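See below for the structure under consideration.
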Amino acid sequence: MEPLAPKIISPKSPNPIPVKLYPHRFWCSNRCKSKKWSMPMHSCASDNVKLAESSKLQLNNRKDFIESIAKGFVGFAAAATALASICFDSPAFAESLTVAFPASRAPEVNTVQRTLVEAWGLIRETFVDPTFNHQDWDSKLQQTMVEIFPLKSADAAYSKISGMLSTLGDPFTRIISPKEYQSFRIGSDGNLQGVGLFISVEPRTGHLVVLSCVEDSPAARAGIHEGDELIEINGERLDGIDSEAAALKLRGRAGTPVTVKVHSGKDVGRESGTREVNIPRGYIKLSPISRTIIPHRTPDGHLTKTGYVKLSAFSQTAAADMANTIHELESEGAHSYILDLRNNPGGLVKAGLDVAQIWLDGDETLVNAVDREGHTLPINMVDGHAITHDPLVVLVNEGSASASEILAGALHDNGRAILVGHKTFGKGKIQSVTELHDGSALFVTVAKYLSPALHDIDQVGITPDVQCTTDMLSSPKESLLKNKSSVSSLEADSCIMVAEHELDVQESKGTAS
């Protein structure tokens with residue numbers, strides 16, 4: 001077999017030494033199948049990657065590593081986030097990888113050299129674009145290894161790997177250090193110390209933008225708003241820094257300050273421009289679900305109850321919490337529902353799929369995945385039984401991303417809900433998350449997802465059926481507010497008023513059961 005890359009030992013460097021890489025530890029379980037939804041799958045992959053003295057880089061018994069290594073999605077949260085990687089259809093990676101490289105005398109740099117080979121190999125076998133952004137990926141290993149060899153620190157070496165990954169043209173394929181990875185996994189229990197921001201990399205610009213603020217969090221009290229662009233944290237520019245690295249800088253012991261420079265676009269009631277904000281960190285308690293009953297008078301004069309449910313993130317308990325909430329609202333006499341996904345940046349994709357089945361029956365398709373070979377793989381429910389069949393409207397906006405878009409698309413394309421609001425964020429990447437031998441983590445985009453009706457979402461978003469604007473509400477507002485003695489801020493929300501109007505239309509067509 002011809003070598004995939006030239007020998008990369010420098011004449012001035014010491015001889016290479018045999019080093020064994022440990023098998024990758026995928027953050028997923030072989031028990032990937034949910035009783036509520038299914039997809040084609042085999043088992044989670046594990047590979048045996050070995051580093052030894054050789055003049056060739058060689059892959060033996062080459063197989064395609066993936067139809068799709070993961071069915072999952074990462075919600076990008078700064079103050080808190082949860083991680084999901086739902087593994088499936090990954091044939092055993094039985095290849096033997098042999099690489100020769102100039103071993104650094106600095107132990108921590110030598111460790112990162114081995115991490116580089118692991119990351120390079122996973123990208124080579126799983127990245128969604130088999131052209132690697134139209135570049136020679138094998139030569140990238142040689143180039144990056146040579147750049148890492150003279151370095152003195154692990155941080156500098158990780159930066160070189162990040163630079164290599166950036167050439168793929170995908171901001172979501174990245175590596176984070178062991179410390180950052182531990183911080184990234186904080187938040188699945190809903191408690192952390194920080195400022196309360198959800199942020200993400202805007203794929204078109206590469207800038208870090210605020211998706212939302214946790215209600216009554218330090219960031220919210222400091223006047224940070226969704227859509228603001230983060231420029232600096234404690235005087236450090238954020239150019240090229242991913243959302244997890246920024247999250248680590250924002251977190252810290254409650255009571256300690258962090259200075260953030262943000263740029264605000266022109267918005268209603270706010271001036272555009274750049275400003276610096278000093279924010280005291282605090283304890284952030286994430287409550288993913290809030291709910292209430294909204295009294296609503298129909299056009300024929302009947303007083304009904306609308307169950308309002310706000311889902312702010314897809315945590316491990318989101319589906320169970322949602323089911324309990326719907327049961328409670330049903331017992332309180334709700335006749336229709338508004339599910340608010342505005343400014344929900346995503347989270348556990350499995351939670352999004354499980355929430356969808358709370359509202360759907362049968363074996364409906366929840367989402368479709370498209371792998372690097374162009375194969376479309378549907379994820380279907382298995383004998384679903386909806387808790388309620390009452391009319392449903394889903395609210396979305398520019399801050400609704402990833403799992404929120406999966407849920408909104410599933411409910412809309414299956415004819416279960418009307419979408420009201422503004423076009424969603426457009427994050428349709430499916431990623432695998434692999435813990436490497438040194439405790440760092442590699443995020444790889446392995447596929448993209450389409451809605452059940454095969455609509456592309458990535459960098460496109462979902463356009464709602466009805467947009468809520470001030471102009472279109474000038475007339476409905478009076479009728480919708482008629483006979484209400486007091487109007488709360490929730491009831492005065494323009495999108496909720498439009499949603500109530502759409503619910504009236506659904507009920508007039510006899511969609512309720």
Side-chain angles (χ1 to χ4, degrees), residues 19 21-29 44-51 59 65-66 68-76 81-87 90 93 95 97 99 108-130 132-133 137-138 140-141 144-145 147-148 154-185 201 240-248 349 371-372 429-448:
V19 184
L21 293 185
Y22 299 99
H24 296 309
R25 290 166 287 171
F26 285 84
W27 207 79
C28 59
S29 167
C44 295
S46 174
D47 64 7
N48 183 21
V49 183
K50 298 180 180 179
L51 194 59
L59 284 172
F65 180 54
I66 186 172
S68 287
I69 194 173
K71 191 67 68 178
F73 207 89
V74 177
F76 294 86
T81 188
L83 172 65
S85 182
I86 306 167
C87 181
S90 299
F93 185 35
E95 300 148 4
L97 178 63
V99 179
E108 63 272 22
V109 175
N110 184 262
T111 297
V112 180
Q113 286 182 302
R114 293 184 290 167
T115 300
L116 166 63
V117 177
E118 286 189 282
W120 171 87
L122 280 169
I123 295 292
R124 189 178 188 277
E125 297 300 326
T126 67
F127 186 57
V128 66
D129 175 12
F132 308 104
N133 200 21
W137 188 241
D138 296 340
K140 276 293 177 184
L141 175 64
T144 309
M145 191 68 79
E147 292 174 353
I148 285 179
D155 287 343
Y158 277 119
S159 294
K160 290 297 182 183
I161 299 179
S162 295
M164 179 183 76
L165 300 182
S166 70
T167 66
L168 294 169
D170 174 30
F172 304 113
T173 295
R174 65 208 186 281
I175 191 169
I176 60 176
S177 69
K179 184 178 180 181
E180 290 173 322
Y181 184 46
Q182 285 300 110
S183 179
F184 179 81
R185 296 178 69 170
V201 175
I241 293 180
D242 61 43
S243 56
E244 280 72 48
L248 186 64
V349 128
D371 66 14
R372 66 190 287 178
K429 305 286 190 184
I430 296 174
Q431 294 185 291
S432 68
V433 183
T434 308
E435 183 180 348
L436 305 180
H437 81 283
D438 64 347
S440 62
L442 180 69
F443 295 70
V444 184
T445 298
V446 297
K448 67 176 183 178

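No hydrogens, no waters, no symmetry mates; every other heavy atom, side chains included, goes into these values. Because the structure is a prediction, the values reported are computed rather than measured.
Rounding to the nearest 0.5 Å gives a distance of 6.5 Å between CG of Leu442 and CG of Leu165. For the atom pair Leu436 CG and Glu118 CD, the distance stands at 5.0 Å (nearest 0.5 Å). Distance check: Thr115 OG1 to Ile175 CD1 gives 6.0 Å after rounding to the nearest 0.5 Å.
Residues passing the side-chain contact (heavy atoms from CB on, under 4.5 Å) test with Thr111, sequence neighbours excluded: Arg114, His437, Asp438. In this view, Thr167 and Gln135 satisfy the side-chain hydrogen bond (donor to acceptor under 3.5 Å, both in side chains) rule, not counting sequence neighbours. Checked against side-chain hydrogen bond (donor to acceptor under 3.5 Å, both in side chains), Ser162 has no partners two or more places apart in sequence or in another chain. Every residue two or more places apart in sequence or in another chain that forms a side-chain contact (heavy atoms from CB on, under 4.5 Å) with Ser177 is listed here: Tyr158, Lys179, Glu180. Every side-chain contact (heavy atoms from CB on, under 4.5 Å) that Lys448 has, sequence neighbours left out, goes to Val370, Leu450, Asp456. Applying the side-chain hydrogen bond (donor to acceptor under 3.5 Å, both in side chains) test to Lys140 and every residue at least two apart in sequence or in another chain returns nothing. Remark: Asp129 pairs with Thr131 by the side-chain hydrogen bond (donor to acceptor under 3.5 Å, both in side chains) rule, at least two apart or across chains.
A 4.5 Å side-chain heavy-atom check between Ile148 and Ile161 finds at least one atom pair inside the cut-off. Inter-residue side-chain proximity for Leu116 and Met164 is flagged as met; some heavy-atom pair is nearer than 4.5 Å.
When atom types are taken as modelled, the side chain of Arg124 and the backbone of Phe132 share no donor-acceptor pair closer than 3.5 angstrom. A donor-acceptor pair under 3.5 Å is formed between the side chain of Thr126 and the backbone N or O of Leu122. A donor-acceptor contact shorter than 3.5 Å links the side chain of Trp137 to the backbone of Trp120. At least one donor-acceptor pair closer than 3.5 Å links the side chain of Thr173 to the backbone N or O of Thr445.
Ring pair Phe443/Tyr181 is perpendicular by interplanar angle, where above 60° counts as perpendicular and below 30° as parallel.
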